[in-house]
2 protein chains.
Amino acid sequence: MSLGKDINQPVFRALSDPTRRAILELLADQPRSIGALVSHFEVSRPAIAKHLKVLEDAQLIAVSQQGRERINSFQPLALKSAADWMRWFDQFWDDRLERLKHAVEEECL
Amino acid sequence: MSLGKDINQPVFRALSDPTRRAILELLADQPRSIGALVSHFEVSRPAIAKHLKVLEDAQLIAVSQQGRERINSFQPLALKSAADWMRWFDQFWDDRLERLKHAVEEECL
DNA sequence: TTGACATGAAACCAAATGGTTTCATATAAG
DNA sequence: CTTATATGAAACCATTTGGTTTCATGTCAA
């Protein structure tokens with residue numbers, strides 16, 4: 001089955017946490033330092049730092065040192081393969097909808 | 001931020017495991033009993049049963065008892081909100097591509 | 001140089017996760 | 001009825017996860 005390679009496992013893992021998804025949304029708006037991110041949450045700075053590490057490992061963000069700050073920026077590309085995996089089911093979902101529509105039509109005859 | 005409601009957290013949680021994603025693909029092909037699923041993997045039946053529980057909690061599958069068998073069927077609808085969340089970044093990704101294209105064009109002048 | 005600030009890193013912890021084995025139960029088949 | 005099948009359920013276990021606190025380090029500013 002489609003297990004084995006599973007190139008986007010790190011991405012799915014990264015997306016499984018709500019805080020990480022929120023971080024991603026914030027970084028999609030604009031690149032930010034860790035400190036700038038922390039203020040948006042109620043967890044400690046090291047906690048956010050760990051989340052960023054997970055996101056970085058999944059290549060969902062890129063990090064660049066700027067003086068004493070680390071600027072984290074969103075990396076949309078990494079989302080693509082995961083999004084593609086989902087999109088396949090989307091098409092499937094449309095099919096089902098279509099079938100349901102047909103079924104309802106039949107029933108109404 | 002978009003934390004708080006997070007209606008699709010169970011879906012993202014469920015998708016974070018490769019075995020669970022593989023199960024979902026199998027069920028998208030056709031509904032199957034637990035036993036029919038187990039043969040596709042190298043883990044024990046209880047392990048698969050637990051995965052199915054997670055998928056069911058996320059409403060990614062529906063279960064119907066048929067005699068002594070439990071038939072698990074894929075429920076595409078639950079994927080939609082999660083897919084939508086991703087789709088938002090897709091558009092963003094296209095934007096970036098567009099910007100990059102413009103940047104390259106500028107550079108070539 | 002001396003602080004103050006932004007962060008890295010380590011040690012530690014409770015809870016969740018993914019897995020197992022064992023035992024119980026309901027149903028289909030002889 | 002008896003047996004084999006399909007599953008549920010419980011107990012248990014190692015590892016991972018998400019979080020903390022504490023301490024070290026590098027950099028900007030006075």
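Computed from a predicted model, the values in this text were never measured in an experiment. Reminder, nothing fancy here: chain letters follow the sequence lines and each chain counts from 1.
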- From dT5(D), dT27(D), dG8(D), pick the nucleotide closest to the side chain of R68(B)? dT5(D)

- Task: Look at D6(A) together with R21(B) and state whether they make a salt bridge at an N to O cut-off of under 4.0 Å.
- Result: yes

- Query: Between N8(B) and V11(B), is there a donor-acceptor pair closer than 3.5 Å when you use the side chain of the first and the backbone of the second?
  - Reply: no

- Message: Without decimals, in angstroms, what is the distance between R70(A) CZ and dT27(D) P?
- Response: 13 Å

- Message: Can you confirm whether more than 12 heavy atoms, excluding those of Q59(B), are under 6.0 Å from its CD atom?
- Response: no

- Expressed in angstrom and rounded to an integer, what is the separation of E69(A) atom CD from dT27(D) atom C1'? 11 Å

- Item | Cluster check V54(A), I71(A): I/L/V/M/F/W/Y, side chain < 4.5 angstrom | no

- Query: Is any side-chain nitrogen or oxygen of H51(A) closer than 4.0 Å to OP1 or OP2 of dT17(D)?
  - Reply: no

- Item | Polar side-chain atom of N72(A) near backbone of V63(A) as donor-acceptor pair, under 3.5 Å | no

- Query: Mapping G67(A) and A47(A) onto DNA chain D by nearest heavy atom, which one lands closer to the 5' end?
  - Reply: A47(A)

- Given atom CZ of F12(B) and atom P of dT17(D), what is their separation to the nearest angstrom? 18 Å

- Does OP1 or OP2 of dG18(D) have a side-chain N or O of T19(A) closer than 4.0 Å? no

- Item | Separation of atom CG in D17(A) from atom P in dG18(D), rounded to whole Å | 5 Å

- Item | Ring centroid separation F12(A) to F12(B) under 6.0 Å | no

- Hey, where on DNA chain C does chain B first and last touch, going 5' to 3'? Cut-off is any atom under 4.0 Å from a heavy atom. dT17(C) to dA28(C)

- Task: Please state how far atom NZ in K50(B) lies from atom C1' in dG8(D), giving the value in whole angstrom units.
- Result: 12 Å

- Should we count CD of E42(B) as having more than 12 external heavy atoms under 6.0 Å? no

- Query: Tell me: CG of N72(B) to P of dA6(D), nearest whole Å?
  - Reply: 14 Å

- Query: Tell me: NZ of K53(A) to P of dT17(D), nearest whole Å?
  - Reply: 11 Å

- Query: To the nearest Å, how far apart are E42(A) CD and dG18(D) P?
  - Reply: 18 Å

